[in-house]
Amino acid sequence: MSSKTSAIETPQAIRGTQDIFGPDAEAFGFVVETFERVRKLYRFRRVEMPVFEKTAVFSRSLGETTDVVSKEMYSFEDRGGESLTLRPEFTAGLARAYLTNGWQQYAPVKLATHGPLFRYERPQKGRYRQFHQIDAEIVGAAEPQADVELLVLADQLLKELGIADGVTLQLNTLGDAPSREAWRVALIDYFRAHRAELSEDSQDRLERNPLRILDSKDPRDKPFTADAPKIDNYLSAEAQDFFGRVTAGLDAAGVAWTRAPALVRGLDYYRHTAFEFVTDRLGAQGTVLGGGRYDGLIEALGGPHTPAVGWAAGIERLAMLVGEKGEARAYVIVVAENAEQEVAALRLVSQFRRAGVCAEIVATGSPRKRFDRAKKLNPAALVSLDVRDGAPTRSLRVLEAGFAAADRVSAVFDAFVAEQQ
RNA sequence: GCGAUCGUAGCUCAGUUGGUUAGAGCGCCGGUUUGUGGUACCGGAGGUCGAGGGUUCGAACCCCUUCGAUCGCCCCA
């Protein structure tokens, strides 16, 4: 890519987007593949949904005052003049799909999906404008067992990804609608009395999203958040019982959790169970997986009352915890050390691949350096095709005895030699 | 949206108080050596020092603007 005096300017990538390659891309793929595997163990069904929806799908379900809706959505008019939005999350679109496709017939349904999401935010570590999540939801299930199943799934996923160490499950309940509302009113009353002493951010939150004051990091807010009204005092008997059955289920399934009374969710549709799997290894973006119950969402989209629970996890964040993953190593490399052998090398390498052996060919560049280059790729076996004294020579060298595909490699090689006689 | 740090070859970086044709290692390409060998030596390609403007006799270095990255705030997964 030497552009010297080229007058053409290369367009740059959009801010907050990423091009993922090599070991990082392998880690990304590992997260998705592990999710797919585990999700099948729990019999969650795969869904694919559009990347964009009518704007109302998100504005109605997330809440007009949330930051996501008020300032972070990628919204635009299409050529027909309709306001559309690139999905900032999965749940709203999934609820819409549930309604417009009549998935009530399958209820309760366990659903899983993954893909890109878009939010106009300031990029930083673990936060992008196009980011990716895996997502699991149970729609049409009112029982606490659904919450438990989802949480156990999440727990197993993190364990199978090998990143469960240092990740803790923070659990809270926001109560049912009356509990949540009573608590909310009490919080507003309480914080309003101290309004002038709160941070500017929290004064603002008081109007828009009072629950959020509870997890403010501002030291000026700390003295007040400690003594703020507790959800436990506003929980109805039903809500209390519900939460008790969730925690009992987690204990029975052997999932560790800690109560986080200040844990709230940013989006309006959450009820009852709220949770986050949190790590301290990702700096400010410590939430690795989060979600909760959203019994009110489907009604907000004009559907019948439909209880549901779900969670989402950022693939980039999970991939960062996973670390770099090695790429597939070639079991065998075929080297054409002589121009005359290039065609034969091409034939042999495709025979290896058809036999299911991961293989690579080296047949370009200086013939004298090809063998060295092949060896640097560190294969388990190396086939050299050359011409000595006018006669073709073929050798198979095993550099690592007893590797996985060893038998197949020698079988394919022997057949090739026989064929060339 | 706010604050801070940063931006030199493909990669990791050096570049002294602003001073002649901007460097190293690795990688890449080629030659010699080796000839069953991942060696050693030599050579080469590749940079308008993120971009634009300014100060100056002179800017990679100082100033402004802009783009991008990183780290906080905010938000959230």
Side-chain angles (χ1 to χ4, degrees), chain A residues 1-7 9-18 21-22 31 62 65-73 88-91 114 116-136 154 167 199-202 204-205 208-209 212-213 215-221 263-267 270 274-279 282-292 310-321 333 335 337 362 364-379 382 384 386 388-389 393 395-397 399:
Chain A
M1 290 288 277
S2 60
S3 52
K4 289 193 172 176
T5 55
S6 170
E9 205 175 307
T10 304
Q12 25 181 269
I14 305 294
R15 179 172 166 85
T17 63
Q18 20 167 17
F21 171 77
V31 170
L62 307 191
T65 62
T66 57
D67 280 23
V68 172
V69 171
S70 62
K71 47 192 189 198
E72 294 177 1
M73 294 203 303
E89 59 130 38
F90 280 119
T91 309
H114 66 83
L117 303 165
F118 305 84
R119 245 119 98 160
Y120 191 86
E121 293 185 281
R122 181 79 175 263
Q124 86 184 222
K125 189 185 186 72
R127 189 219 262 178
Y128 306 93
R129 288 186 174 177
Q130 176 179 334
F131 60 104
H132 303 80
Q133 289 185 345
I134 51 179
D135 182 270
V167 176
S199 65
E200 298 77 33
D201 279 334
S202 286
D204 188 42
R205 278 188 277 237
R208 290 178 15 255
N209 204 344
R212 281 263 145 205
I213 300 177
D215 54 14
S216 167
K217 289 173 194 164
D218 196 302
R220 285 170 291 174
D221 296 331
L263 174 71
V264 296
R265 305 268 68 213
L267 308 178
Y270 285 104
F275 53 85
E276 286 179 10
F277 285 80
V278 179
T279 177
L282 290 179
Q285 313 300 326
T287 301
V288 132
L289 184 154
W311 55 249
I315 299 177
E316 287 87 353
R317 292 185 190 175
L318 293 172
M320 280 191 274
L321 292 173
I333 296 183
V335 193
E337 298 206 63
V362 174
T364 57
S366 167
R368 314 190 96 167
K369 294 196 168 167
R370 291 180 190 176
F371 189 91
D372 289 352
R373 264 200 296 143
K375 230 176 166 184
K376 273 194 185 174
L377 294 171
N378 187 32
L382 220 164
S384 162
D386 203 350
R388 284 287 163 73
D389 308 319
T393 64
S395 71
L396 165 67
R397 297 174 175 216
L399 304 173

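Residue numbers start from 1 in every chain, and the chains themselves are labelled A, B, ... in the order their sequence lines are given, proteins ahead of strands.
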Roughly how many Å is it from [atom1] in [X] to [atom2] in [N], rounded to a whole number?
X	N	atom1	atom2	answer
A:Q124	B:C2	CD	P	15 Å
A:Y120	B:C75	OH	P	18 Å
A:D218	B:C74	CG	P	7 Å
A:E121	B:C2	CD	P	15 Å
A:E200	B:C2	CD	C1'	12 Å
A:L263	B:A77	CG	P	10 Å
A:R127	B:C71	CZ	C1'	12 Å
A:R129	B:C67	CZ	P	11 Å

By the 4.0 Å heavy-atom rule, please label [X] as base, sugar-phosphate, or nothing.
X	result
A:G16	sugar-phosphate
A:E276	nothing
A:R205	sugar-phosphate
A:G291	nothing

query = 5'-most contact on RNA chain B: A:Y128 or A:P367, nearest heavy atom basis?
reply = A:P367

task = Please tell me which of A:G290 and A:T364 maps to the more 5' nucleotide of RNA chain B, matching each residue to the nucleotide holding its nearest heavy atom.
result =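 The residue whose closest nucleotide sits nearer the 5' end is A:T364.
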
Could you work out the separation of [N] and [M] based on their [atom1] atoms and round it to a whole Å?
N	M	atom1	answer
B:C73	B:A9	C1'	37 Å
B:A51	B:C57	P	25 Å
B:U70	B:G31	P	42 Å
B:G27	B:G44	C1'	14 Å
B:C74	B:U12	C1'	34 Å
B:G23	B:G46	P	14 Å
B:G18	B:G58	P	15 Å
B:A59	B:A45	C1'	28 Å

Side chain to side chain, [X] and [Y], heavy atoms closer than 4.5 Å:
X	Y	value
A:F371	A:I333	no
A:D218	A:D201	no
A:R317	A:Q133	no

Does a side-chain N or O from [X] land closer than 4.0 Å to OP1 or OP2 of [N], or not?
X	N	result
A:R15	B:G68	yes
A:K125	B:U70	no
A:R122	B:G3	no
A:R212	B:C76	yes
A:K71	B:C75	no

Is [X] reaching over with its side chain to a backbone N or O of [Y], donor-acceptor style, under 3.5 angstrom?
X	Y	answer
A:D221	A:S199	yes
A:R129	A:P123	no
A:R119	A:V68	no
A:R373	A:T364	yes

Let's test this: given Watson-Crick or G-U wobble pairing with both distances under 3.5 Å, identify the partner of [N].
N	result
B:A51	B:U65
B:A40	B:U32
B:G3	B:C71
B:A24	B:U12

task = Give a yes or no on whether a donor-acceptor pair under 3.5 Å exists between the nucleobase atoms of B:C29, that is its base, and the side chain of A:R373.
result =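 Absent.
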
query = Between OG1 of A:T393 and CD of A:E337, what distance do you get to the nearest 0.5 Å?
reply = 7.5 Å

query = What's the spacing between A:N378 CG and A:L399 CG if we round to 0.5 Å?
reply = 8.0 Å

Could you write out each protein N or O paired with an N or O of nucleotides 37-42 of chain B at a distance under 3.5 Å?
unit_1 : atom_1 : unit_2 : atom_2 : d
B:G37  : N1     : A:E337 : OE2    : 3.4

ask   = Out of A:T287, A:L289, A:V167, A:V288, which one pairs with A:E276 under the side-chain contact (heavy atoms from CB on, under 4.5 Å) rule?
value =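 It is A:T287, the one option of A:T287, A:L289, A:V167, A:V288 that forms the side-chain contact (heavy atoms from CB on, under 4.5 Å) with A:E276.
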
